[in-house]
Amino acid sequence: MIPRRPVLAGLALALLGGAALAKGTAMEDESGPYGMIGKMKAQPGKRAELIEILGAGTGDMPGCLAYLIAEDAKEPDVIWITEIWDRKASHDASLALPAVKAAIAKGRPLIAGFEMSAETRPVSEASFIKA
């Protein structure tokens, strides 16, 4: 079972690579739910260490509804990050939190790159993750 707790991976994706990789225009309706899905590549052999840094002690992130860090089943250095926010402004504001900035700074040397990123508009909740 995957624990349901906020993690910093999506924030690192957004700050370090999400904006550069997201294609197209920004979401038109910024008042509703906002999501991002991204593929992050760790330095060779550093995936577990990067996951640990990005998943450690985030505290409160206002507006954060869900974060999920997943290991790619076929690529040993790849991490998939899925995040859901109450609105885009909450996501953007979270990038200024001291804990987020510290985790990004610590994890940055372990990140080899970002292969893709997509902004999403969550429309349904069918959660299988239990706290």
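Just so you know, these numbers come straight off a predicted model, no measurement behind them. Just so it is clear, the values below take in all heavy atoms, side chains as well, and ignore hydrogens, waters and symmetry mates.
Rounding to the nearest 0.5 Å gives a distance of 3.5 Å between CE of Met40 and CD1 of Ile81. Rounded to the nearest 0.5 Å, atoms NZ (Lys88) and CE (Met36) are 8.0 Å apart. Remark: Leu54 CG to Ile111 CD1 distance equals 6.0 Å, nearest 0.5 Å.
Between Pro122 and Thr120, the shortest heavy-atom contact is CD-O, 3.6 Å. Annotation for Trp80 and Met116: closest pair CH2-SD, 3.6 Å, computed over non-hydrogen atoms. Taking all atoms of both residues into account, the shortest heavy-atom contact from Pro62 to Ser90 is O-CB, 3.6 Å. Here the closest heavy-atom approach between residue Ile79 and residue Leu50 is recorded as CD1-CD2, 3.7 Å.
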Derivation of the side-chain contact (heavy atoms from CB on, under 4.5 Å) call for Cys64 and Glu83: CA-CA 8 Å; Cys64 174; Glu83 56 184 296; over 6 Å; no
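Residues satisfying the side chain to side chain donor-acceptor pair (under 3.5 Å) test with Thr82, not counting sequence neighbours, are none. Residues satisfying the side chain to side chain donor-acceptor pair (under 3.5 Å) criterion with Glu75, sequence neighbours excluded, are Lys39. Listed by chain and number, the residues in a salt bridge (Lys or Arg N to Asp or Glu O under 4.0 Å) with Lys41 amount to none (sequence neighbours excluded).
Proximity of a side-chain donor or acceptor of Asp77 to a complementary backbone N or O of Gly45 within less than 3.5 Å is detected. Under a 3.5 Å cut-off, the side chain of Arg47 and the backbone N or O of Asp72 do form a donor-acceptor pair.
Aromatic ring pairs are classed by plane angle as parallel below 30°, tilted from 30° to 60° and perpendicular above 60°; the pair His91 and Tyr34 is tilted.
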